[in-house]
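Every chain is numbered from 1 and lettered A, B, ... according to where its sequence line falls, protein lines coming before strand lines.
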There are 2 protein chains.
Amino acid sequence: MLACMKAQKRSFYAGEEIYSFDTPRKIVGILLNGQAAVIRYEYNGTRSILENLSPKSIFGEHLSFVPSDDSCIAVVCQTDCQVLFIDYQSMTRTCQNACACHTQLIRNLLQLLSDKTRSLSERVEVLSQRSIREKLMCYFMQLAAGKNSSTFELPFTMIDFADFLSVNRSAMIRELGKMKKEGLIQISKRTVTLL
Amino acid sequence: MLACMKAQKRSFYAGEEIYSFDTPRKIVGILLNGQAAVIRYEYNGTRSILENLSPKSIFGEHLSFVPSDDSCIAVVCQTDCQVLFIDYQSMTRTCQNACACHTQLIRNLLQLLSDKTRSLSERVEVLSQRSIREKLMCYFMQLAAGKNSSTFELPFTMIDFADFLSVNRSAMIRELGKMKKEGLIQISKRTVTLL
DNA sequence: ACAAAAAAGTTGCAAAAGCAACAGAATATA
DNA sequence: TATATTCTGTTGCTTTTGCAACTTTTTTGT
């Protein structure tokens, strides 16, 4: 079946670029294992983490970002990764063999896409908060809801976390300090507790 | 077929609330015609437009936002609208009749979802810009790319536009004024030209 | 056509966030 | 284990953004 979809599996080392959005290709990628991120590099030096990818995350030209003239966007892996690349055309069309599994694949794909939609919506929710504190709290609440616990781990270094929230790193750390002092949160290393 | 999916068509008047995210329901809605928006009302008075919905846009609990303790999120129509509501379960599962059109429906759904993913990604791109000016320019470039023209219409009042970019209205208008003065854009009423 | 309401645009001032240049801590590397 | 590198956390200063109060313009409804 994978042959029928022109699928191919590839491995990448931490730090490698998996996919760049500058050259339109008719494929989608599915992260099989590892952690990756969609990152935008602005030519003025600003870096933003547009999306965090975990296993089963799906990405590709069709589903995603269009870099502007003064930026480039790429999927970069944070850890060693395996990725399945699938031809977009042969995926959505009925295959010649009319194989049953093809139908199932489309169902699975629907699930992956709807998960992606959900995670992008969460992303919009965080980024549409007005202040750094509100962004932090909104994201913390998402993590807490995901773990069903008021204690959770940040999946970022502070540098990446700031780029993820699209705010200045030192301003973010300053705000975290205030929130700690005001008794809103507890934080040591990457472990956060909402109080 | 629509019966088999427990689908029902409903009409709404401009300003009416189509869907609220506080009571989880197992349905998705597809906007058939009109304009609507996903809006978050924070209890401190802040209003944000999380998403703009046009005909064929799809929305629902499964695909979307989770309101926090101090906010509520709803789909509100801007103009008169018709919406098709579909039962999520019966949509994704194979139906008893194994009707051919059911398979086609899933394909169509895949298309709608992938469009939604794309528009949410664009949204993330805008909101992850650091300054008001960058947000404006990023959004303008999206509109220009969509119309294939450097002149385009804003689909908002200035009030809604600011809520869409998640910035203060007067600060936004101030910035638009500066950009006009610096010769970056031309703007009269809702017509914008990139220079 | 007129009044009322909504939206657009201005401005001064206050608050928040960005920036840059550090010092100290933690990690990685030889 | 020493050394380099990256990350974390601080701070003073600057710039941007938010806020509130207001005037002007546009739209709507009768």
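Nearest-nucleotide assignment on DNA chain D puts the 5′-proximal partner with A/Arg190, out of A/Arg130 and A/Arg190.
Per the geometry, CD belonging to B/Glu134 stands 9 Å off P belonging to D/dT17, to the nearest Å. Rounded to whole angstrom, the span from the CZ atom of A/Arg133 across to the C1' atom of C/dA15 amounts to 13 Å. Here C/dA6 presents its C1' atom at 13 Å from CZ of B/Arg47, a figure rounded to the nearest Å. Put simply, NZ on B/Lys180 is 11 Å from C1' on C/dA8, counting in whole angstrom units. Atom CE of A/Met158 is separated from atom P of D/dG9 by 5 Å (rounded to the nearest Å). Between A/Leu154 atom CG and D/dC7 atom P there is a gap of 16 Å when expressed in whole angstrom units. The distance between atom CD1 of A/Ile187 and atom P of D/dT8, rounded to the nearest whole Å, is 10 Å. Between the CZ atom of A/Phe156 and the P atom of D/dC7 there is a distance of 14 Å, rounded to whole Å.
Nucleic acid contact for B/Ile173: base, since at least one base atom lies under 4.0 Å from a heavy atom of the residue. Nucleic acid contact class of A/Lys189 (heavy atoms, under 4.0 Å, all strands): sugar-phosphate only. Nucleic acid contact class of B/Ser131 (heavy atoms, under 4.0 Å, all strands): sugar-phosphate only.
The side-chain tip of B/Arg123 points at the ring of B/Phe164 from less than 6.0 angstrom away and within 45° of straight on.
Side-chain proximity of A/Arg174 to D/dG9, D/dC7, D/dT11: nearest is D/dT11. Out of D/dT8, D/dA21, C/dA7, the shortest distance to the side chain of B/Ile159 is found at C/dA7. For B/Ser170, whose side chain is taken as the heavy atoms from C-beta onward, the closest listed nucleotide among D/dT17, D/dA20, C/dG18 is D/dA20.
The base of D/dG18 lies outside donor-acceptor range of the side chain of B/Arg169, with no N or O pair under 3.5 Å.
Panel note: side chain A/Asn33, backbone A/Pro55; no donor-acceptor pair is recorded below 3.5 Å.
Remark: the A/Thr157 side chain and the A/Arg190 side chain contain no N/O donor-acceptor pair separated by less than 3.5 Å. Residues A/Gln35 and A/Thr79 have side chains that never bring a donor and an acceptor to within less than 3.5 angstrom of each other.
When every heavy atom of A/Val75 is checked against every heavy atom of A/Ala36, the shortest pair comes out as CG1-CB, 4.2 Å.
Between C/dC19 and A/Asn168, a contact under 4.0 Å exists linking OP1 or OP2 to a side-chain N or O.
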